[in-house]
S.K.: 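Structure in structure tokens, see below.
The chain is numbered in sequence order, starting from 1. Counting starts at 1 for both ligands and their atoms, in listed order.
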Amino acid sequence: MTEAYKILFVCLGNICRSPAAEGIFRVKAAVHGLSVDLDSAGTGAWHVGHPPDERMIEVAQARGYDLSALRARQVDIGDFYIYDHILAMDQSNFRDLKDLQPADGKATLSKMLDFGVGDDVPDPYYGAVDGFNHVIDLLEEASDGLLHHLRAPNA
Ligand code: 4NP
């Protein structure tokens, strides 16, 4: 049996974008028979221990992704020694992770939309419900790209 891909999704609060990325990628990996060990985290600590934002839970549920059991945590330097891939939702998250990244960490650090379309997954927290659906659109597309990359990294 091949080892599971260990992947950590990171945003600012770990209550909107990264839990959605985790939930979406879990479903897509299962559908494609890819063995994964997933988690998500925030660069900030404001929401540690909280479930995802209820707007994100609802919008994700309606599209087939159950995020209700997830709880926020803050990213830690130790994550760079545990995960194979750490994926930042936007440029600001990426910069914060770069600052934290130890020289001997094993994780590759990328932006989620390196595997999708566009640059940043926009923070939906202060916006309308549309923004949450847009986040899911972007994450579904990038998840397909990430799946493809993991199966054929040099393609
Ligand atoms: P997320 O969204 O980074 O996608 O989880 C946010 C959630 C909360 C806050 C910022 C962004 N906040 O400032 O509390």
S.K.: Checking Arg73 now: which residues fulfil salt bridge (Lys or Arg N to Asp or Glu O under 4.0 Å) with it, not counting sequence neighbours?
M.R.: Asp39, Asp79
S.K.: On the 0 to 90° scale, with breaks at 30° and 60°, tag the His149-His85 ring pair as parallel, tilted or perpendicular.
M.R.: perpendicular
S.K.: Identify all pairs of nitrogen or oxygen atoms, one from ligand 1 and one from the protein, separated by less than 3.5 Å, and list them with distances.
M.R.:
from: ligand 1; atom 1: 2 (O); to: Asp123; atom 2: OD1; distance (Å): 3.2
from: ligand 1; atom 1: 3 (O); to: Leu12; atom 2: N; distance (Å): 2.9
from: ligand 1; atom 1: 3 (O); to: Gly13; atom 2: N; distance (Å): 2.8
from: ligand 1; atom 1: 3 (O); to: Arg17; atom 2: NH2; distance (Å): 2.8
from: ligand 1; atom 1: 4 (O); to: Arg17; atom 2: N; distance (Å): 2.9
from: ligand 1; atom 1: 4 (O); to: Arg17; atom 2: NE; distance (Å): 2.8
from: ligand 1; atom 1: 5 (O); to: Gly13; atom 2: N; distance (Å): 3.4
from: ligand 1; atom 1: 5 (O); to: Asn14; atom 2: N; distance (Å): 3.2
from: ligand 1; atom 1: 5 (O); to: Ile15; atom 2: N; distance (Å): 3.0
from: ligand 1; atom 1: 5 (O); to: Cys16; atom 2: N; distance (Å): 2.9
from: ligand 1; atom 1: 14 (O); to: His47; atom 2: NE2; distance (Å): 2.8

S.K.: For Asp76, which residues count as a salt bridge (Lys or Arg N to Asp or Glu O under 4.0 Å) partner, sequence neighbours excluded?
M.R.: none
S.K.: Does anything in residues 115-127 pair up under side-chain hydrogen bond (donor to acceptor under 3.5 Å, both in side chains), and if so which pairs, sequence neighbours excluded?
M.R.: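 For residues 115-127: Lys111-Asp119, Lys111-Asp120.
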S.K.: Would Asp90 and Asn93 count as having a side-chain donor-acceptor pair, cut-off 3.5 Å?
M.R.: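 Side-chain D/A pair, Asp90 to Asn93: present.
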S.K.: If we ignore hydrogens and angles and just use 3.5 Å, is the side chain of His32 paired with the main-chain N or O of Lys28 as donor and acceptor?
M.R.: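 Present.
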